[in-house]
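To start, the structure itself, in C-alpha cells.
Every chain is numbered from 1, with letters handed out A, B, ... down the list of sequences. Predicted, not measured: the structure shown is a model, and the values here were computed from it.
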Protein chains: 2
Amino acid sequence: MAVTIRDVADATNVSPSTVSRVISDNPRISQKTKEKVRLAMKELGYHPNFIARSLVNQSTSVIGVVFPSSGDTAFQNPFFTEVLRAISEGAHDEKFGIQLTTGKTEEEILNDVVQMVQGKRVDGLILLYSRQDDPIIDYLLEQNIPFVLVGQPTSKPDHITYVDNDNCLAAKEGTEGLIHLNHKKIAFIGGVNGLMVTNKRLAGYKQALKEANIPIQEDYIIFDDFLIEGGKHAVEKLLALKELPTAVLVTDDLMAMGVMQSLNEEGLRIPEDVAILSFNNTIFSVLSNPPLSSVDIHIFDLGLEAISQLVKRIKNPEEPVSHSIIPYEIVIRSSC
Amino acid sequence: MAVTIRDVADATNVSPSTVSRVISDNPRISQKTKEKVRLAMKELGYHPNFIARSLVNQSTSVIGVVFPSSGDTAFQNPFFTEVLRAISEGAHDEKFGIQLTTGKTEEEILNDVVQMVQGKRVDGLILLYSRQDDPIIDYLLEQNIPFVLVGQPTSKPDHITYVDNDNCLAAKEGTEGLIHLNHKKIAFIGGVNGLMVTNKRLAGYKQALKEANIPIQEDYIIFDDFLIEGGKHAVEKLLALKELPTAVLVTDDLMAMGVMQSLNEEGLRIPEDVAILSFNNTIFSVLSNPPLSSVDIHIFDLGLEAISQLVKRIKNPEEPVSHSIIPYEIVIRSSC
DNA sequence: CTGAAAGCGCTAACAC
DNA sequence: GTGTTAGCGCTTTCAG
C-alpha cells in the first residue's frame, strides 16, 4: 500500500490536516512544522494521490482531446499531430494532463466524451474538428463544461469558444493567386463535405471565381477524405471529365500528395499541365517533388491558442466566449 | 451538482449499495429492483463518477503512454503516431483510456511518469522507446506497476515485458541484400546513439559485413536524430569523406527522406550512385521519389501487442514477464 | 498555528 | 435480496 497523508502525519505527530496544509504551502503553518513534515514526506516517499484530491476538489487537471470520427486516419495527417503537439506543450506548461478519445465511429466518440465528462475524468475538452450536426457540441453545451473548438462552429457561435483561421479568405486569396497566373479552369478538391473547414474554403473559392467572372463549374468541385487516397479519387473524377482543369486548389497537403501522384501517373506535369495550391504547409509540402505551394495556417499556434483559451475557461467559469482567428500565409514553392 | 448514487437511491427508496449493485449488474438483485433503479437512473440522468470509483477500486482504467524525450519531434515521425494509433485502438477495445506524457526533457518526462504513477492516475504504462540508463525503467520496476516496453531493454530483460522486432536480424538481412547487389562500400545511418534500436541494427549491419569479409569502416557509421534534418546531417558527414559509399542502410524513413534530399542536391542519383535501404515502411517510403525500399517492422502490430500485454498484466499482476517479437519484412521498391 | 470532524461518490464486507 | 457501515486519501470548515 502506498504511503498516505496519514502515515506522514503519524510519523511527525501532527494531524493529517496539517500535512495537507504543508502540501499546499499554507502560510499559516510554522516554518518548523513545514520542514519537519517535508522531511518525513521525503523519507517515507510520500506522493499525493491525485484521484483522492480530484474527488474532493471536483477537478482533475486533465483535459480531453477529441479526434474526428475518422480518428484512425487522423493520426496519419500531420495536421492533427501538429495540433496535438501544441496542445501537449501548452498543457504541460499549465500542469494539465491530456487524455485522448479512442473511438472510431461518431457514436463511440460521443461515448468517450460522455465517459470523460460525466465520469468527471476531465476538466475541459478540445475538439479538433467541426462538422455539421455534431451531437458532441450539443452535449458539451448542455453539460456546461469548458471546451474549445478548433475550427468554426456550424451553429450557436455566440456560445462556443473557438480558434480558427479565416479559411474563407485564405481560400479566396489562394484562388485569386491562381487566377492571376491566368488560370480560368480551376478545380476545388476539399475534405469531407460537412466539415466546416471544407465549407469555408469552398465559399472562398467560389467568391474568388465570382469576382473574376469565371463561371463556377460544379463538376470541378470534389470532396473526399483527408488522405492520399482521397486525392487520388479526386483526380480520377477529374480525369473522367472532358476538360481537365489547369489548376487545382487542394485543401490538404496529404490529399495534394495523392493528387500529384495520380497526375504523375497520367504523365501530366506540375505545374505546366496542372498547377496546384495546397493547404497546411506540412512536411509533405517541402518533401514533395516539385515542392508544393501551400497555405500555412500556423497549426501549432492554433493548438496553443486552443489550450490557452481552454485553461482560461477552466480557471474562470465566467470567462466570456471568445473567438480567435489565427493568421495564415501563402507559401509559394514550385507547384504553381 | 451532478446526480449521485445517493439521489438515485432516494428516488427509488433503496439503499446506495443496492444502486451500486445494479450498476455492476449483481445477480443477487431482483429483476424488479433493477428495472426500477435503472429507470430512475435514466430519468435523473445519472452517470457514475469514475474518480470516486477509482478511489475505492484503486484503479482508473487509464493507461499512460510515454514518449521519448525528443517528444516534440516524435509527433513528426509516423512511427510514433502509428504505434499510438494501435494503442488507441487496443485501449478502446479493452475499455481503457489513454493519457500521454507531455514533457520534453528527460527530467520532465520522468516527472510526468511519477505524477501518473504515484498520483494513481494510471493502471499501467507503455514506453515507446528504449534507451540506455533510463531512470524511468528503474522507477517503474521499483514501483512495481505494470508496464510494457516497445523496444528491447538495455538491462534486466528478465524483469521487463517488451515488444520488439528482431532488429539485429532485420538489419543484417537488409545489409546482406545490399551486399548481394554487389555493394562493398555500405554506410550505416542510425538514430541517436544510445537508443537500443540503433544499437541492435548497428550490430546486425556489422555482422553482415563481417560475414562477407568486408572491413568495417567507422566513418561510415553515423548517428543522428530521427528526423529529416538528421538524414541531411548524416549526408554532410559522408560527403566530407574521400570516398562516398555506394549504398546506405538508413534506420528510419524520415531520415531517409533527408538523405535523399541531400543526395539529390549534390546531383547524385538514387539508386545508381547511392542505393538506399530504409526502415519502417511508412507513408514516406511510398511517396518518395524514387519510392524507398524499406524494412516493414509492422508498427501497428507492435502497438497492438504492447497494449494487449499491458492489459493482461494489469488484470493479472501475477502474469509472467513476456517478450514478443513481431515479424518484419523487407519491402523492395526502387531505391536499391 | 494546529486538530477534529465531515464529506467528496463510490464499493464491499457484514449483517439480517 | 437488501440495508448498514466503514473506508478509499484527501481537503476544508470550524474550533480552539
Side-chain angles (χ1 to χ4, degrees), chain A residues 1-38 40-41 44-62 114-123 143, chain B residues 1-38 40-41 44-62 114-123 143:
Chain A
M1 200 70 272
V3 23
T4 76
I5 223 172
R6 168 103 253 150
D7 300 322
V8 179
D10 289 349
T12 46
N13 286 316
V14 297
S15 73
S17 34
T18 300
V19 178
S20 174
R21 289 186 182 108
V22 173
I23 293 170
S24 55
D25 204 17
N26 188 314
R28 297 192 318 189
I29 300 291
S30 73
Q31 204 52 39
K32 212 163 58 175
T33 318
K34 279 188 183 171
E35 278 160 20
K36 184 175 64 174
V37 171
R38 288 200 180 115
M41 295 199 304
L44 297 175
Y46 170 79
H47 209 94
N49 181 321
F50 270 92
I51 297 296
R53 185 180 282 177
S54 296
L55 183 58
V56 26
N57 287 343
Q58 306 279 32
S59 92
T60 58
S61 291
V62 174
V114 173
Q115 296 283 329
M116 284 180 175
V117 175
Q118 310 254 36
K120 299 280 182 296
R121 289 177 186 276
V122 300
D123 292 344
Q143 293 292 322
Chain B
M1 201 69 277
V3 22
T4 76
I5 223 172
R6 167 103 254 151
D7 300 323
V8 179
D10 290 349
T12 46
N13 285 318
V14 298
S15 74
S17 39
T18 300
V19 178
S20 174
R21 290 186 182 107
V22 173
I23 293 170
S24 55
D25 204 19
N26 187 315
R28 299 193 316 192
I29 300 289
S30 74
Q31 205 52 41
K32 211 164 58 178
T33 322
K34 280 188 182 172
E35 277 160 19
K36 185 175 64 175
V37 172
R38 290 204 179 110
M41 294 198 306
L44 296 175
Y46 169 79
H47 208 93
N49 180 321
F50 270 92
I51 297 296
R53 185 180 281 178
S54 297
L55 185 57
V56 27
N57 286 342
Q58 306 279 34
S59 93
T60 57
S61 290
V62 173
V114 173
Q115 297 280 329
M116 284 181 174
V117 175
Q118 310 256 36
K120 299 278 180 297
R121 288 178 185 275
V122 300
D123 292 346
Q143 293 292 320

- [ ] Enter the distance from B:T4:OG1 to B:H47:NE2 here, rounded to the nearest 0.5 Å.
- [x] 14.0 Å
Task: Rounded distance (Å) that lies between atom C1' of D:dC8 and atom CG of B:L55 - done: 4 Å
Task: For A:A52, all residues meeting side chain to side chain contact (heavy atoms under 4.5 Å, CB included), sequence neighbours excluded - done: A:N49, B:L55
Task: Donor-acceptor pair (no angle test) under 3.5 Å: B:S20 side chain, C:dA12 base - done: no
- [ ] Tell me what A:S17 touches on the nucleic acid: a base, only sugar-phosphate, or nothing, going by heavy atoms under 4.0 Å.
- [x] base
TODO: Check whether the side chain of A:R21 and the base of D:dT13 form a donor-acceptor pair under 3.5 Å.
DONE: yes
Task: B:I23 CD1 - C:dC10 C1' separation (whole Å) - done: 8 Å
Open item on the list: Nearest heavy atom decides the nucleotide; on that basis, is A:Q31 or B:N49 closer to the 5' end of DNA chain C?
Closed with: A:Q31
Open item on the list: Over all strands shown, is B:N26 touching base, sugar-phosphate only, or nothing at heavy-atom distances under 4.0 angstrom?
Closed with: nothing
Open item on the list: Students often get this wrong, so: under 4.0 angstrom with heavy atoms, is A:D7 touching a base, only sugar-phosphate, or nothing?
Closed with: nothing
- [ ] Calculate the interatomic distance between A:N13 atom CG and C:dA4 atom C1'; express it in whole Å.
- [x] 16 Å
Open item on the list: If you assign each of A:V56 and A:R28 to its closest nucleotide in DNA chain C, which residue comes earlier from the 5' end?
Closed with: A:R28
Task: Spacing of A:K32 atom NZ relative to C:dC1 atom P, expressed in whole Å - done: 11 Å
Open item on the list: From CD1 of A:I51 over to C1' of D:dT11, roughly how many Å is that when rounded to an integer?
Closed with: 16 Å
Task: Rounded interatomic separation in angstrom, taking CD from B:E35 and P from D:dG1 - done: 14 Å
Open item on the list: For a quick test of reading the model: is some side-chain N or O of B:R6 closer than 4.0 Å to OP1 or OP2 of C:dG9?
Closed with: no
Open item on the list: Pair B:M116, B:V62 - check side-chain contact (heavy atoms from CB on, under 4.5 Å), show working.
Closed with: CA-CA 10 Å; B:M116 284 181 174; B:V62 173; over 6 Å; no
Open item on the list: Once you apply a heavy-atom cut-off of 4.0 Å, does B:F50 come out as touching a base, just sugar-phosphate, or nothing?
Closed with: nothing
Task: Candidates D:dT11, C:dC10, C:dG3 - which lies nearest the side chain of B:A52 - done: C:dC10
Task: 4.5 Å side-chain heavy-atom contact, B:N26 and B:K34 - done: no
Task: Distance, rounded to the nearest Å, where B:K36 contributes NZ and D:dT2 contributes P - done: 8 Å
- [ ] Nearest 0.5 Å please: distance from the CG atom of B:D7 over to the OG1 atom of B:T12.
- [x] 10.5 Å
TODO: Give a yes/no answer on whether the side chain of B:S54 brings an N or O atom under 4.0 Å of OP1 or OP2 in C:dC10.
DONE: no
Task: C:dG9 phosphate, OP1 or OP2, under 4.0 Å from B:T4 side-chain N/O - done: no
Open item on the list: When you measure from the side-chain N and O atoms of B:Q58 to the phosphate of D:dG9, is any distance below 4.0 Å, counting only OP1 and OP2?
Closed with: yes
Task: Distance-only side-chain donor-acceptor flag, B:S15 / B:T18, under 3.5 Å - done: yes
- [ ] Please evaluate the base of D:dT2 for a donor-acceptor partner in the side chain of B:T33 within a cut-off of under 3.5 Å?
- [x] no
- [ ] Using a 4.0 Å heavy-atom cut-off across all strands, classify B:V19 as base, sugar-phosphate, or nothing.
- [x] nothing
Task: B:Q118 CD to D:dG9 C1', straight-line distance once rounded to whole Å - done: 14 Å
